[in-house]
Protein chains: 2
Amino acid sequence: MHMSANVSERAKEPPNIGVSVVILALGPSDLDGRTNDPSTTGTASAVTDSLYAASTTETGNGVGRTTSRTHNGDTVPTLRIPLVRRVRQPFLGDWALPGGDLQSGRSLEFAAEKALRSTTSLHPQYLEQLYTFGDPSRSHGGLPMVSIVYWALIGETEAKDFREAQNVRWFPVNQLPPLAFDHKDIIEYALTRVRNKIEYSDIATRLVGSEFTLSQLRNVYEAIYGRKLDAPNFRRRMLSTGMVEPTGEKLARGAHRPASLYRYVAHTGTGKSGSPGKPGTIVIAGTTPQSAASGQ
Amino acid sequence: MHMSANVSERAKEPPNIGVSVVILALGPSDLDGRTNDPSTTGTASAVTDSLYAASTTETGNGVGRTTSRTHNGDTVPTLRIPLVRRVRQPFLGDWALPGGDLQSGRSLEFAAEKALRSTTSLHPQYLEQLYTFGDPSRSHGGLPMVSIVYWALIGETEAKDFREAQNVRWFPVNQLPPLAFDHKDIIEYALTRVRNKIEYSDIATRLVGSEFTLSQLRNVYEAIYGRKLDAPNFRRRMLSTGMVEPTGEKLARGAHRPASLYRYVAHTGTGKSGSPGKPGTIVIAGTTPQSAASGQ
DNA sequence: CGAATAGTGTCTGTAAGACAATATTCT
DNA sequence: AGAATATTGTCTTACAGACACTATTCG
């Protein structure tokens, strides 16, 4: 089966509810250079303007690489997003966020994860609701009046076996094809959300292993920000927050000084609580936990 | 008619969609001391813990005043929230956020504003989507499976004619009664959202007139933060951002030095764009503008 | 003058960022 | 030694907050 990704066909009964997902994946950091045929890619439109300089890629085919070159010549890992090609009329042929219908009796997260599985077998390190769209003007011919959008983060290690199925393809965030509906805006919004969130949450540490070097952690930040960070300053900042602590071990990875390993330190409830528990915001790792009931 | 506030009764066809609103209103700044009968108030539960010290009120009846006293004796204006009493079984008798059903063919904002009008004739200075709840576990007996929550801000001047209808009552945010569902969490979430948002948006300046003194503006901040701010530092901060500029006029309001008037300066698109346009996030003032289409 | 609010000046601490310099490993 | 990354050290600037002090009005 290929994806049930897009809209299902129902008649008129009150607002259908669709759930879509913006999936942000860290590409492998080694410059493997997987190249997909660039045939149907279309004109790439950079989503993030000033952040990526000239959106250069090594191959130039527009889809392959997982790193980008910034204006000063440095190379940074780049986030990638799986999109599905629309096979129905509104925006037929354009690319769109993976999504599906909300089944009654199921949670929103369940629907989001199902949509996520329609494009990748990987499970997200993080899943959070982004926004709900409900304008009746969406009657471009499509159906669901209300669309609940989630965004997910997928770590680097597991992002190695992308599943490039029939109508699914992964795009670097700075080289997106023409998108259906307002999905380009949605992706932009998701990116700003991640970049803000990374500052006051632990999502970055979830994208590395339980033990990691500060370089690895910094690479996560760089991928999300889309630019190089100063290594010394990054180190100090991380250590000063007390979010990470050294394990005492070191990791040798090449012809250079080995790096110390660190682990994430759970929130020391110091009482100053930067951000009180949000309702139903956070879902960790694999399955389908979480609750946050609500009626009315 | 009293409010169509709560759930409407339908049968089984796929998820109903409800829309609720957290309405945050600045109480009048003069200590008028409107006193409602405290009969059915129930035990007040402070939503914001550390921010309000001892949640003291002048009268002690728990609902009347619009100011609170902080731990150091200063007095600050307090936000108030209109709630409706539930007349149906799940959580019968408890207080809940005003809400209503989403009518097909209408925008989410339209439903939110309608719900807002069910408790107050005032129109919001600001309306923004907060979160969408969709847990099937909400089958406490209520119906709508999916609940889209908005939050609204209402300015000080118009907040003078609160409409205390049949089953509607206004509560200070630091003295909320027992709430239905997880509405207490939702209100907390709304508060943290406002407090964050006030930092990088212009919502505060919308809650004062087109011309205002820095004291007035500071009062808005203090109401939202729930604590006193240092006047000299606040002044410097506001002026340094370039968000406000002096009109050249002054306003005399008592036996003391008159204050300079300022006006809000529209965003100087400096290109550094702190926060790229979010999809369908912002609605100004009265009617029902705004769009941000989306399908799928 | 006294009360009350508006506004200025200073000082301190913290945090971010630029950037030089040192340390450690492998080849 | 040389390449490459890790780590430490300084220095500068910006900004938030505490707080003393001055200014202007009315009664």
Side-chain angles (χ1 to χ4, degrees), chain A residues 29-31 70-77 195-196 198-200 208 211-222 225 227-262 270 272 274, chain B residues 29-31 51 67 70-77 195-196 198-200 208 211-222 225 227-262 270 272 274:
Chain A
S29 57
D30 51 353
L31 308 177
T70 63
H71 60 295
N72 51 39
D74 288 328
T75 198
V76 296
R195 289 176 180 142
N196 286 331
I198 199 181
E199 281 307 317
Y200 58 90
V208 293
E211 300 194 352
F212 49 88
T213 70
L214 289 179
S215 291
Q216 290 168 340
L217 187 59
R218 178 164 46 84
N219 280 332
V220 174
Y221 277 78
E222 289 175 343
Y225 282 139
R227 64 181 176 90
K228 274 285 182 194
L229 296 178
D230 183 84
N233 293 334
F234 178 82
R235 152 181 298 274
R236 259 186 297 268
R237 190 154 61 94
M238 282 303 120
L239 295 179
S240 72
T241 63
M243 299 256 297
V244 299
E245 67 181 10
T247 67
E249 293 174 284
K250 288 182 181 295
L251 175 64
R253 275 201 317 171
H256 54 265
R257 176 174 179 176
S260 295
L261 283 172
Y262 295 82
T270 50
K272 58 175 299 191
Chain B
S29 58
D30 50 354
L31 307 176
L51 287 177
T67 59
T70 64
H71 60 296
N72 51 38
D74 288 328
T75 198
V76 297
R195 288 175 181 142
N196 287 331
I198 200 180
E199 282 306 319
Y200 58 91
V208 292
E211 301 194 351
F212 48 88
T213 69
L214 289 180
S215 290
Q216 291 169 341
L217 186 59
R218 178 164 45 85
N219 280 331
V220 173
Y221 277 78
E222 289 175 342
Y225 283 140
R227 63 182 175 90
K228 273 286 182 194
L229 296 178
D230 183 87
N233 293 333
F234 178 82
R235 151 181 300 273
R236 260 185 297 267
R237 190 153 62 93
M238 282 304 119
L239 294 179
S240 71
T241 63
M243 299 257 297
V244 298
E245 67 181 10
T247 66
E249 293 175 286
K250 288 184 182 293
L251 175 64
R253 275 200 318 170
H256 54 265
R257 175 175 179 174
S260 296
L261 283 172
Y262 295 81
T270 50
K272 57 175 299 189

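Both backbone and side-chain heavy atoms feed into the values below; hydrogens, waters and symmetry mates do not. Below, chain A is the first sequence line, B the second, and so on; all start at residue 1.
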In whole angstrom, give the distance that lies between atom CZ of R235(B) and atom P of dA16(D). 16 Å

Under the side chain to side chain donor-acceptor pair (under 3.5 Å) test, which residues partner N233(A), sequence neighbours left out? D230(A), R236(A)

Looking at every heavy atom in both L214(B) and F234(B), which two are closest together, and how far apart are they? O-CE2, 3.6 Å

Distance-only, no hydrogens or angles: does the Q216(A) side chain make a donor-acceptor pair with backbone N or O of T213(A) under 3.5 Å? yes

Spacing of CD1 belonging to I198(A) relative to OH belonging to Y225(A), to within rounding of 0.5 Å: 5.5 Å

Which is it for M238(A) and Y221(A) under the side chain to side chain contact (heavy atoms under 4.5 Å, CB included) test, yes or no, and what are the steps along the way? CA-CA 11 Å; M238(A) 282 303 120; Y221(A) 277 78; 3.4 Å; yes

Base, sugar-phosphate alone, or nothing: which one does S260(A) contact when heavy atoms must sit under 4.0 Å apart? sugar-phosphate

With a 4.0 angstrom cut-off to heavy atoms of chain A, pull out the first and last contacting nucleotide of DNA chain C, in 5'-to-3' order. dA16(C) to dC26(C)

What's the shortest heavy-atom distance between L217(B) and V244(B), and which atoms? CD2-CG1, 4.5 Å

Nucleotide by nucleotide, nucleotides 18-27 of chain D touches protein heavy atoms under 4.0 Å in the pattern (B base, S sugar-phosphate only, - none) BB---BBBB-

Hey, could you give me the CG/CG distance between L251(A) and L261(A), rounded to the nearest 0.5 Å? 5.0 Å

Would you indicate what S215(A) reaches in the nucleic acid, counting non-hydrogen atoms under 4.0 angstrom: base, sugar-phosphate, or nothing? sugar-phosphate

Nucleotide dT5(D), atom P - distance to CG of L261(A) in whole Å: 17 Å

